[in-house]
Amino acid sequence: MYIYSIIFLVGIVIGSFLNVCIYRIPENQSIVYPSSHCSNCHKPLKPTDLIPIFSYLILKGSCRYCSHKISLRYPMVEFLTGIVFVLLLYKYHLNIDLIFYLLLFSILICITFIDYDHQIIPDGLVLLGFVIGLIYKLALYYFVGTPIEVLNSLLGFLAGGGFFLLIAVISNGGMGGGDIKLMAMLGFWFGWRDIILISFLSFIIGSVISIMLLTTKIKSRKDAIPFGPFIGIATLIVILYKNYILMHYINLFM
């Protein structure tokens, strides 16, 4: 069990870095410089202020220097990243797949919260996903001997991006360009079969959550509801439970 504890700690540390990316990337700021600081008083934070989750608890959710309230978002992203890392370890164990899926979901977590906050999916993060996916497929080929399924990746790219592009055209812009590019990238990763399932689940999840938001009046009909988070959730579900979903679907109709 100790390996799960280690991967959780790695996850919350990565989550702390993702918080920086989520805040700075939409503002076109460097994710490296300047160092972490209070967004209110701009005081540079000490290492003891940057311990994931624990610093938030020790400081009782306030800045050490100006007592400005720190958003609960920060420890939430750290904890979420740790949990996702543990789930991926459970799925893939310690191998080359785990490394690349940890990278992919770090990108998806960034995209989820940026899209939620700003209704944008940065092209740079999508491009980074493409590059990591290509390196992943090459690494599998050279180190494991797994054949590169070029056609499957190409069809996945076209199926994911093409389907969402079609929806954008039919709905007159109801689907954003960032969602189209994100689905194309995921299609490249997973191939045409899995991207169809991801698309299907993302719409189900999106419909359920949107109805809940409207019913509870957290969102109104005039408010934009970003689709990126639904894609991220659907992708994780497909990775973890794809075989179970398909088996249940087959049993339902047969």
Side-chain angles (χ1 to χ4, degrees), residues 21-22 25-28 101 103-134 136-137 148-239 241-242 245-246 249 252-253:
C21 297
I22 291 165
I25 288 176
E27 303 294 331
N28 292 318
Y101 277 101
L103 292 173
L104 173 64
F105 273 91
S106 295
I107 293 173
L108 289 178
I109 290 171
C110 264
I111 286 175
T112 292
F113 286 95
I114 290 175
D115 196 24
Y116 180 83
D117 289 337
H118 304 279
Q119 288 77 57
I120 60 171
I121 296 178
D123 289 342
L125 289 176
V126 176
L127 180 60
L128 179 60
F130 270 115
V131 172
I132 292 174
L134 179 59
Y136 172 48
K137 293 177 184 297
I148 300 176
E149 297 182 343
V150 177
L151 181 59
N152 189 33
S153 294
L154 179 60
L155 289 176
F157 172 87
L158 295 174
F163 178 59
F164 272 57
L165 176 60
L166 179 62
I167 293 174
V169 172
I170 294 174
S171 62
N172 195 25
M175 190 65 66
D179 299 316
I180 297 169
K181 297 168 189 173
L182 175 58
M183 288 300 293
M185 182 266 283
L186 291 173
F188 175 77
W189 266 80
F190 294 101
W192 69 271
R193 295 180 184 86
D194 287 356
I195 201 62
I196 290 174
L197 184 55
I198 290 172
S199 301
F200 177 69
L201 284 178
S202 66
F203 278 105
I204 292 178
I205 294 167
S207 299
V208 172
I209 294 179
S210 296
I211 290 171
M212 291 172 58
L213 292 175
L214 293 173
T215 303
T216 56
K217 297 183 179 180
I218 295 175
K219 294 279 189 179
S220 70
R221 293 183 179 275
K222 295 181 180 180
D223 294 328
I225 299 178
F227 203 80
F230 308 143
I231 296 174
I233 295 170
T235 304
L236 182 61
I237 291 174
V238 168
I239 281 180
Y241 303 111
K242 176 182 69 174
I245 293 170
L246 292 176
Y249 181 83
L252 181 65
F253 287 96

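Treat the numbers as computed from the prediction; the structure is a model and nothing was measured.
- The closest side-chain heavy-atom distance from L182 to F164 is not below 4.5 Å.
- Heavy atoms only, all atoms of each residue included: K181 and V126 are closest at O-CG1, 3.6 Å.
- Taken from CG in L104 to CD1 in I239, the straight-line distance is 6.5 Å, to the nearest 0.5 Å.
- For I120 against P26, the heavy-atom pair with the smallest separation is CD1-CB, 4.3 Å.
- The line from CG of L128 to CG of D123 is 12.5 Å long, rounded to the nearest 0.5 Å.
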Step by step, work out the ring-ring contact (aromatic ring centres under 6.0 Å, His included) result for F227 and F203.
CA-CA 9 Å; F227 203 80; F203 278 105; 5.1 Å; yes
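- The shortest non-hydrogen separation linking G129 to M185 is C-CG, 3.8 Å.
- Side-chain contact check for W189 versus I132: some heavy-atom pair is nearer than 4.5 Å.
- Contact record, S199 with S202: O-OG, 2.7 Å, taken as the closest heavy-atom pair.
- Between F105 atom CZ and I107 atom CD1 the span is 11.0 Å, to the nearest 0.5 Å.
- Relative ring orientation between F130 and F188 is described as tilted, the plane-to-plane angle lying within the 30° to 60° band.
- I225 CD1 to L213 CG: the interatomic distance, rounded to the nearest 0.5 Å, is 5.5 Å.
- The shortest non-hydrogen separation linking D115 to G228 is OD2-N, 2.8 Å.
- The CD1 atom of I180 sits 10.0 Å away from the CG atom of L166 when rounded to the nearest 0.5 Å.
- I25 and P122 get closest at one heavy-atom pair: CG2-CG, 3.9 Å.
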